[in-house]
Number of protein chains: 2
Amino acid sequence: MHLEALNIFCDVVRHQSFSRGALANSVSQSAASQAVRQLERRLGAQLIDRSRRPWQLTPEGKLFFQGCQEIVDRYHELEEAVQRRQDPSGYTVRLASIYSVGLHDLSQYVDRFRAAVPGAHVDIEYMHPDEIPTRIQNDQSDVGLLAFATPGRDLTVVPWRQQTMAVACPPAHRFAQRTTAIGPWELNGAAFVTFDRGLPVRRELDRYLRRHGVDLEVVAEFDTIENIKQAVEDGAGIAILPESTLRREVERQTLVTVALDTLDGEAAFVRPLSIVHRRRRRLNPAVTQFIRLLRLDGAGQTGDAPAGRPAKAEDRYAGAGAASVTGTP
Amino acid sequence: MHLEALNIFCDVVRHQSFSRGALANSVSQSAASQAVRQLERRLGAQLIDRSRRPWQLTPEGKLFFQGCQEIVDRYHELEEAVQRRQDPSGYTVRLASIYSVGLHDLSQYVDRFRAAVPGAHVDIEYMHPDEIPTRIQNDQSDVGLLAFATPGRDLTVVPWRQQTMAVACPPAHRFAQRTTAIGPWELNGAAFVTFDRGLPVRRELDRYLRRHGVDLEVVAEFDTIENIKQAVEDGAGIAILPESTLRREVERQTLVTVALDTLDGEAAFVRPLSIVHRRRRRLNPAVTQFIRLLRLDGAGQTGDAPAGRPAKAEDRYAGAGAASVTGTP
DNA sequence: CCCCCTCTATTAGCGCAACTGATTCATGGG
DNA sequence: CCCATGAATCAGTTGCGCTAATAGAGGGGG
């Protein structure tokens, strides 16, 4: 019996839905349906009563669900316990990151990690977001940091931060005086410095603006946040950037940020940053430790909201949150 | 992760041997080796230190072993709990048995089962032993009773009884006066009534006799014990039969049994009876109940030794005991 | 001391099990 | 009544785990 199948069953039950349970495990709805059916066949017992709508757990199903949950939890605890026992010294963390993750923050993390685990090495490489999943699947990197990640068959996505996006403009700009949030429509026609086409954040940003009927005049495109900020400082136009990456410029008063918000109750535009790593094979102890450090650390330093960490045992390594942002509109 | 792999690992550890651990799970030694290696890969930790001979568990291995054991146990308990909750009424037990299982005993079991589970049906079919595994794999029968069973990929063998074989002869025969066990060599040249060629018990019997250099004159061959007994009663010769099946004839004094034993410490010749059923897919509640009845009942009625039931969690459904009897000499 | 014998690792190849994508089916809501 | 939604089913493909054969590594006996 696959432990994965047990986990799928648990997720199906928790979500009261085969599709969502499947999504939480990064498999197709079909796979989830088949997995549960096979469980029922092997057990020789009906776990789910499909005659009523919505379906319900049978008594056997309830019993099995509770047991399953405990077994799956126990196994994952066991895995962690085995790993914690390992000595991270001598191992290398090969980190692949997008350019614009917030260089300062990242180097702070790395410094703290190096201090905590003296024997470990960290290799950071910055690259185009599209390269990161490939590199991880090819085992050229252990862990990646990128935005709008989508989980895959052998790629685990752990939601990390929710960067709220804000309008950035020079102090002289008319927006700079605003004390209240700007509505997207107010941006119409403005000169706009933005991300390169081909970056996921650009795609999402365009989608967001189009959804609100905003038409901007793109005057420059860059592949790093640093370049965009520079252009805005030089007066090329305004930009929409993660607020947390603008901290220093705001302090130096070379840039001003204005919150971007809709009034219709729609969530503000956020850029979900994720930690990704390969699935199945376990990571070396140093990598595990590094990821633990990233996740456990509050977002206090950056001001970003930590991405909702799924409750114990629920949606373990789901990453569905990030995926649903990218989902069809 | 396959729960089966965890169980293989546990068995390997318990037996301190990859080969025996593999055997206990009815897989090849190679499969066990690969399973453990894959576990180590996935965990990213060494579980077994192969540098010393004999190999030893690493500290991580010990930790993982304990956890594994508990998880596997827990899962099987869970499976059983789910099944116990099911109502056996309305289900049918399709039992396939060899002719010579001891008809009286079997019907007693069936009667008791029918009394215990009024709603269930039992269909007994007697057939040639070679047919039984096939029928079970084709899902034409649920459970089989046969001798010298060998487990297979999708056939579980549960050791059941150890029938000790004894010499049977008419009261007038010279052996009938014996008060001590007969050594095999003393049988030399005797007229012999035995099982049909093609029956496993015949094969094993011949092997046993050849090993002890005994040459008998086969005067008749039958496919059921009842016929053999009849022939012996008629004075055709002697036979070697399960002692427990001779009870009635001995009481009626139509036959005499004499223990058959070697002096060299070799175990007496026994015929292992096994309960077989399909692997993987779970059996219906009535079948489960029936098997439980067969196993839990002491061998008091028959005088056969119950086959050593493996201790809790050890060699679950192994059937290795029976297999090793059939093993290469 | 050498050889053999046992036990585990490794490799190649095969078969099945599980996944995906497409489609059908069932049901409840607008 | 028809459409939207969610689960089941089906066909096709891939990849995993198995077996069988073989290599390699110790340990024990002659």
Side-chain angles (χ1 to χ4, degrees), chain A residues 1-9 11-42 46-58 61 137 150-155 278-281 324 327-328, chain B residues 1-9 11-42 46-58 61 137 150-155 278-281 323-324 327-329:
Chain A
M1 184 58 44
H2 268 158
L3 273 171
E4 287 78 4
L6 303 190
N7 197 43
I8 288 176
F9 172 69
D11 282 339
V12 165
V13 172
R14 270 197 290 269
H15 289 118
Q16 276 294 319
S17 156
F18 280 74
S19 337
R20 284 194 294 278
L23 195 66
N25 283 265
S26 306
V27 295
S28 66
Q29 170 264 319
S30 175
S33 178
Q34 292 174 56
V36 173
R37 265 179 73 77
Q38 201 198 29
L39 262 179
E40 289 180 321
R41 264 180 65 86
R42 272 154 135 91
Q46 192 90 342
L47 296 174
I48 286 180
D49 176 12
R50 298 156 169 84
S51 70
R52 264 180 288 291
R53 187 67 72 103
W55 54 258
Q56 267 190 323
L57 277 182
T58 62
Q137 275 166 5
T150 150
R153 173 170 182 69
D154 37 11
L155 193 74
R278 63 170 179 272
R279 216 186 193 85
R280 316 186 169 283
R281 247 181 72 200
S324 69
T328 49
Chain B
M1 182 59 45
H2 269 154
L3 272 172
E4 286 78 2
L6 302 190
N7 196 43
I8 288 175
F9 172 68
D11 282 340
V12 165
V13 173
R14 269 196 290 270
H15 289 117
Q16 274 295 318
S17 156
F18 281 74
S19 335
R20 284 193 295 277
L23 196 65
N25 284 265
S26 307
V27 295
S28 67
Q29 169 265 320
S30 174
S33 179
Q34 292 174 59
V36 173
R37 264 178 76 76
Q38 200 198 31
L39 263 179
E40 289 180 320
R41 265 180 65 86
R42 271 151 134 93
Q46 192 89 346
L47 296 174
I48 286 179
D49 176 11
R50 298 155 169 85
S51 69
R52 264 180 288 291
R53 190 66 78 98
W55 54 258
Q56 268 191 321
L57 277 183
T58 62
Q137 274 165 5
T150 151
R153 174 169 181 71
D154 37 10
L155 193 74
R278 63 171 179 271
R279 216 186 193 82
R280 318 187 167 285
R281 246 183 71 202
S324 70
T328 50

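Numbers restart at 1 for each chain; the letters A, B, ... are given by sequence-line order, proteins then strands.
Contact of the A/Arg14 side chain with the A/Asp11 side chain is registered, since non-hydrogen atoms from C-beta on lie closer than 4.5 Å. Considering only heavy atoms from C-beta on, B/His2 stays 4.5 Å or farther from B/Asn7 through its side chain.
Atom CZ of B/Arg41 has 12 or fewer heavy atoms from other residues, nucleotides or ligands within 6.0 Å. Annotation for B/Arg50: atom CZ counts as buried by contact number, over 12 foreign heavy atoms lying within 6.0 Å. For A/Arg37, the CZ atom sits in a loose shell: 12 or fewer heavy atoms of surrounding residues, nucleotides or ligands are nearer than 6.0 Å.
When DNA chain D is scanned in the 5' to 3' direction for atoms under 4.0 Å from non-hydrogen atoms of chain A, the outermost contacting nucleotides are D/dG6 to D/dC10.
Atom CD of B/Glu40 and atom P of C/dT8 are 14 Å apart (whole Å). Atom CZ of A/Phe9 is separated from atom P of C/dA18 by 17 Å (rounded to the nearest Å). Computed from coordinates, the B/His15 NE2 to C/dC7 P distance equals 13 Å when rounded to whole Å.
Checking side-chain atoms of B/Glu4 against main-chain N and O of A/Met1 turns up a donor-acceptor pair under 3.5 Å.
Aromatic ring orientation, A/Phe18 versus A/Trp55: perpendicular (interplanar angle above 60°, classes split at 30° and 60°).
A search for side-chain hydrogen bond (donor to acceptor under 3.5 Å, both in side chains) contacts involving B/Gln34 returns B/Ser30, not counting sequence neighbours.
Comparing A/Ser51 and A/Ser28 by the nucleotide of DNA chain C that holds the closest heavy atom to each, the one mapping nearer the 5' end is A/Ser28.
Using a 4.0 Å heavy-atom distance criterion, A/Ser19 is classed as a sugar-phosphate-only contact.
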- Starting at the 5' end of nucleotides 9-17 of chain C, put B wherever the base has a protein heavy atom under 4.0 Å, S where only the sugar-phosphate does, and a dash everywhere else. BBB------
